Each structure stands twice: as structure tokens, then as C-alpha cells.
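The block underneath contains the structure these notes are about, expressed in C-alpha cells.
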Amino acid sequence: MHGIRRVPVVFVNAYLVDVAADEPGRGWVLVDSGLPALGAATIVKAAAARYGGRPPRAIALTHGHFDHAGSAARLANLWKVPVLAHELELPYLTGQSDYPPPDPTVGGALAMMSRTFPHGSINLGDLVRPFDQDGTIAALPGWRVIHTPGHTAGHVSLFRESDGTLLAGDALATMNQDSWISNVTMERELRWPPAPLTTDWGAARSSVERLAALRPTAIAAGHGLPITGEAAASELERFAEQFTPPSDGRYVREPARTGERGVISLPPPVADPVGAAIRGGAIAAAVTGVVLTVGHQRRRSRRRFAAD
Ligand SMILES: [Zn+2]
Ligand SMILES: [Zn+2]
């Protein structure tokens, strides 16, 4: 991908985007900011290697989840640059509304892990402002903001029309996060957006169809390795045609309802026997640990007493 550097931060990608492809001296924009703290450290290092100490023109967020916006405040303060996001994402980036809680019952490896994910809002305060209404980005000429809701209400993807490069965020993934093995091998595959955090599956499908209509030549997402080449457009077209949401889950049955102030209403929670068992197991393990530790200390103190 010309003029774009992928910066992996554990399991999520951030992207350094040249304003003029392959001319790093002309400036750059950061797309997504990775996990809290770790994202900032990794991105600062990668940016220093490519742009010296030069700050970006702006930080553009595809959405506000913790793995994409986690280091936005730290980097915006460090570089003194604005953060841009879709206006429907602002409630979750200004402390007005928490995201709908993850759905651990939707199935797969990521859903299992999602029990530990934070879903609270991040408060960027005055650092964040909405993208321009006309879908262009003044700081990044030649790119278009495409509203791709479904994963979150104000999710956007970025598209460079001159060469068909798509930064899809979490509108889709280029790996199967639901498979434990694929989380290690990162095998390239078009997949639905990260399932436990996707709260409107009908909108998610429409968004994938919107992206397929762009016929991209390179697809770089928040999770996975980029898919590039002549087959990218036809693969995405086929994926959009065959897009099927997970078979069941809290937001599969009914979407979360959201508005310009954030969450309006949520579908009822789904029973989570696995989560209950894990919590029960954790409590049992903690109790066992305390009993064993106390027993051990008692035996030690008895021994010490006997030795005296
Ligand atoms: Zn996300
Ligand atoms: Zn993500």
C-alpha cells in the first residue's frame, strides 16, 4: 500500500498515512491509535522512524473502541493535534455515553475474551471534533470518509479513490478473530466485524455492501493483515453477497438503539452460563488459593515453632 505503514499494537492495527503517498516530508495523518499506553509508545516509535519528530496533521478515528481510541488523548496532547471522528461516535468519545456492553454469547474466541473488554466511554473532551460534513478530510486530501455503521453507530472507513485503498477499521476484519488458531496464524480472510462488540448486524451488512461497491484494490482493517491485489474487489463482493451474521447473540436478535447522545435502549441480556461458570471457577480458585496459602503458612509456623 503506497504511503501507508501498518503499525500493529498487540492484536489491533493503527496506520500512518502519508499526505502525499511515499513523500513522508509532505506530512501525515494517524488513523486509529491502538490500545491505551502501549499504542502511544509503539506509534511514537514507528512515526519517529518514518517522519522524524514531525507530528501528524491530525488523528482520525474509525471509531472509539478502547483498542482504536485508547491512545488518542495521549498522542493528541503530545503532538497538539486534533482528533477527528464521526459525529455519531462523539457521545462515546466525550464521556456522554458508554458503548453497549459486549455480547460474550455470540460465540467464538473473541467473544470468550470479550468478557474482559472495557466498554466505557473515553473522554477526549475538546480534543475531538467531527469530520467535515462533505465527507472529505482537509488534513488528508484525496481520501473520503465513508460512514459504515453497524459495529458502532458512528463507525467510518476511509477510502483513497486514486488507487482504491480502503482503511476499513472494524467494518470488517481481514482475519477470523473467532478462531483461536487464526488469532495466532493471522491467516488472511474476509470476516464480519469483531462480533461481540457489533451491536447492529443489519447495518453492519449494509456497510460491507457499501464498501464492496467501492471495488477496493487494497483492504486494510483494524484486525488482520492487509488483503491487496486484483482479487481484493471480487473477494469483497463475494463476501458482501454471502454475509451472514452469527447464528445467535444479544444484538443478532435485536440491535442496540443509539442516537446523537449515545445509547437509547438495549435488547435484554442473554443468559451467559459460561461466564457464570468462569466467574464461579475464578471465585473457587481464589478460595482454594487462600485456603492453601493459609494452610501452608500454618504448617511453616508450626515447623518454625517445633524447630525452636
Ligand atoms: Zn471495534
Ligand atoms: Zn477493533
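Counting starts at 1 for both ligands and their atoms, following the listed order. None of these values were measured; they are calculated from a predicted model.
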Taking the Zn ion (ligand 2) as the vertex, how big is the angle to OD2 in Asp67 and NE2 in His223, rounded to 10°?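 With the Zn ion (ligand 2) as the vertex, the angle is close to 90°.
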
Mind telling me whether [Y] and [X] have parallel, tilted or perpendicular rings, with 30° and 60° as the class edges?
X      : Y      : value
His151 : His63  : perpendicular
His68  : His223 : perpendicular
Tyr99  : Tyr92  : parallel

For the Zn ion (ligand 1): the N/O/S atom of His65 at shortest distance: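 His65's closest N, O or S atom to the Zn ion (ligand 1) is named ND1.
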
What is the name of the N/O/S atom of His63 that is nearest to the Zn ion (ligand 1)?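 His63's closest N, O or S atom to the Zn ion (ligand 1) is named NE2.
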
From the Zn ion (ligand 1) out to just under 2.8 Å, does an N/O/S atom of Asp170 turn up?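 Yes, since at least one N, O or S atom of Asp170 sits under 2.8 Å from the Zn ion (ligand 1).
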
Which residue, Asp200, Asp248, Asp103, forms the salt bridge (charged side-chain N to carboxylate O under 4.0 Å, His left out) with Arg253?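 Output: one option passes, namely Asp248.
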
